[in-house]
Amino acid sequence: MSLPILDLNNVLAPALAEGGLDPARLEVGGDLQRRFADAHEVFERRRAAGDLGFLDLPFDRETAGRVAEVAESFGQWFEDVVVLGIGGSGLGAVALREALLVPAWNERSDEVREYHPRLHVVDNPDPRTVHALFERIDPRRALFVVISKSGSTAETMALYLVARARVAAVVEAEQVRGHFLFVTDPERGALRTLAEAEGIPTLPVPANVGGRFSVLSSVGLLPAAVCGIDIDELLAGAAAMVEACRGTDLRANPAAALATVLWAADTELDLPIHVLMAYADRLRAFTLWFQQLWAESLGKVRGDGHVGPTPLPAVGATDQHAQVQLFMEGPRDKIVVFLAVDGSGVEVEVPDLHPDVETMAYLGGAGLGTLLDAERRATTEALRLRSRPSITLEVGSADARSFGALIMLFEIATVYAGGLYGVDPLDQPGVELGKRLTYALMGRHGYEAPDVPEVDERWRIGGTSG
Ligand SMILES: O=P(O)(O)OC[C@H]1O[C@H](O)[C@H](O)[C@@H](O)[C@@H]1O
């Protein structure tokens, strides 16, 4: 099978006239290769300690089989499947649905096929969204898949309680549990306890797989399989990428090359903003999945300092008319990773209706896909001409297999990057304080209300009119 190709030319000298990395540094014996070897050692140590459970997921046939069974039987009894989960427990399902099922993100992406149930993913406890969802679906014909590794996340617990009451209001008491499936830690957490007490079916998130690395566990596989995505293909692509990312030779290990170049871009070239720009609407949600992965894994305290790149999602050609001006002429603090997709499976020809109108004639007879790809190449070249570096990841057709490979590439690169930055890419201590303060504001037992400074009304500006 063909795996994504990582093209580094536009971050290296001489393609980049100014500020490019010397390619010799990436070769065997080069300093970046040696630097990566240390990160690789950390990675291997953690793998041996059993911390990197996500690497085993593509080979876990038992879980894939169980997921397929649940999706094909139980899952198909319903008209609507509603995933309730946030962060790593929601972003992956959306990325899979958008990439592999729905051609355009801004279509009504919850209306998919005739046979499979519609898949909705609700992450935010926004009352408008939740209200609108329950206006559209019939809880008697809906399955709620509650996904939470910890089994305690406030947003997800609140959404579960709402869904539970909505179901209980319209079905017999003994049928309520048949409308729920929990995806959670195999041993711990409130959802696990509840499932055991009430006989609610569950699927596990392995204990050594953290939320943002869990898309290839039941967390992403179940929603994907329910709506007809080929999870075997997805896992086969991911497995091939695990095999491809071994060893310390940057030219033979794409995740290593990606992580090392992005780390060097940040720490040496002063390019701390890492733009992921997908030239396909259907990869927009993937860029948001990447954003969580990169931000939560690498934005950390190290010693007495703070490190971490800022991931910035973008979509071409849309963002050529929004963000590219900034990328071209704004501060030199960005490196762009382009996702190039081979759209050959689907092409729409532009008809030659006005051969005399100069602004339209050249488009006649071309394909929209050809135009989109020309725009990507032109943007890459425009950046290069201004000595603004970029990387291109050619992801092929972005079918289930290559998408699985892409997911695994970024997951492995993230752990490598953790080693390069000298931080633990698997934790997220910085989100805890906000959670505790939310509990306090919501009156959770044992949490004290925060001591908020008095508000000075003079600095609350605006708000009245006339
Ligand atoms: O799966 P859960 O335990 O509900 O966690 C959901 C999310 O919330 C946390 O705040 C973490 O920052 C995320 O990494 C995680 O994915």
Side-chain angles (χ1 to χ4, degrees), residues 51-54 57 63 67 82-96 121-126 130 144-164 180-195 200 202-224 285-301 308 310-311 313 407 410-411 414-415 417-418 423-442 444 447:
D51 295 342
L52 307 182
F54 74 92
L57 298 174
T63 301
V67 164
V82 184
V83 166
L84 306 176
I86 197 164
S89 293
L91 288 162
V94 182
L96 289 170
V121 180
V122 184
D123 58 355
N124 216 8
D126 182 328
V130 174
F144 295 87
V145 181
V146 186
I147 306 184
S148 175
K149 171 79 190 296
S150 61
S152 61
T153 303
E155 297 86 344
T156 309
M157 296 305 105
L159 291 169
Y160 159 66
L161 293 167
V162 170
R164 172 110 190 189
F180 289 88
L181 172 71
F182 293 168
V183 181
T184 191
D185 188 277
E187 279 162 24
R188 291 175 305 155
L191 284 182
R192 174 64 49 193
T193 313
L194 204 63
I200 293 173
T202 63
L203 285 168
V205 191
N208 63 351
V209 176
R212 57 190 177 274
F213 293 88
S214 69
V215 57
L216 297 174
S217 74
S218 312
V219 169
L221 294 184
L222 192 268
F286 177 77
T287 68
L288 300 176
W289 172 85
F290 158 77
Q291 185 177 40
Q292 186 215 12
L293 184 68
W294 211 239
E296 263 196 350
S297 302
L298 305 176
K300 300 278 159 76
V301 176
T310 300
I407 287 170
F410 275 95
E411 290 184 344
T414 301
V415 180
V423 298
D424 181 355
L426 305 180
D427 68 2
Q428 57 282 331
V431 303
E432 292 309 315
L433 179 58
K435 281 188 190 173
R436 288 205 301 274
L437 295 177
T438 305
Y439 296 152
L441 290 170
M442 294 297 290
R444 181 171 169 179
Y447 292 84

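Counting starts at 1 for both ligands and their atoms, in listed order.
- With hydrogens left out, the protein atom closest to atom 8 (O) of ligand 1 is K435 NZ, 4.3 Å, a heavy atom.
- Taking only nitrogen or oxygen atoms, main chain and side chain alike, S89 reaches within less than 3.5 Å of ligand 1.
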Show me the donor-acceptor pairs, under 3.5 Å and distance only, between side chains in residues 155-162 and residues at least two apart or in other chains.
residue	atom	partner	partner atom	Å
Y160	OH	R164	NH1	2.8

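- Side-chain atoms of K149 come within 3.5 Å of backbone N or O of V209 as a donor-acceptor pair.
- Within ligand 1, counting atoms from 1 as listed, the ones closer than 4.0 Å to a heavy atom of V431 are 10 (O), 12 (O).
- Near R212, with a cut-off below 4.0 Å to any heavy atom, the atoms of ligand 1 are 14 (O).
- Ligand-side atoms of ligand 1 in range of Q292: 13 (C), 14 (O), 16 (O), range being under 4.0 angstrom from any heavy atom.
- Between G92 and V215, the shortest heavy-atom contact is CA-CG2, 3.6 Å.
- Regarding atom 2 (P) of ligand 1, its nearest protein heavy-atom neighbour is T153 OG1, 3.3 Å.
- Listed for the T414 side chain is no donor-acceptor partner under 3.5 Å among the backbone atoms of W294.
- At a heavy-atom cutoff of 4.0 Å, ligand 1 is contacted by both the backbone and the side chain of K149.
- Looking only at heavy atoms of the protein, atom 11 (C) of ligand 1 is closest to E296 OE2, 3.6 Å.
- Not a single donor-acceptor pair under 3.5 Å links the side chain of R192 to the backbone N or O of G151.
- Checked against side-chain contact (heavy atoms from CB on, under 4.5 Å), A195 has the following partners two or more places apart in sequence or in another chain: F182, I200, T202.
- A donor-acceptor pair is defined here as one N or O able to donate and one able to accept, closer than 3.5 Å; such a pair exists between the side chain of K300 and the backbone of D427.
- The nearest non-hydrogen atom to atom 6 (C) of ligand 1, considering only D427, V205, I147, I86, comes from I86.
- Nearest protein neighbour of atom 15 (C) of ligand 1, counting heavy atoms only, is G88 N, 4.0 Å.
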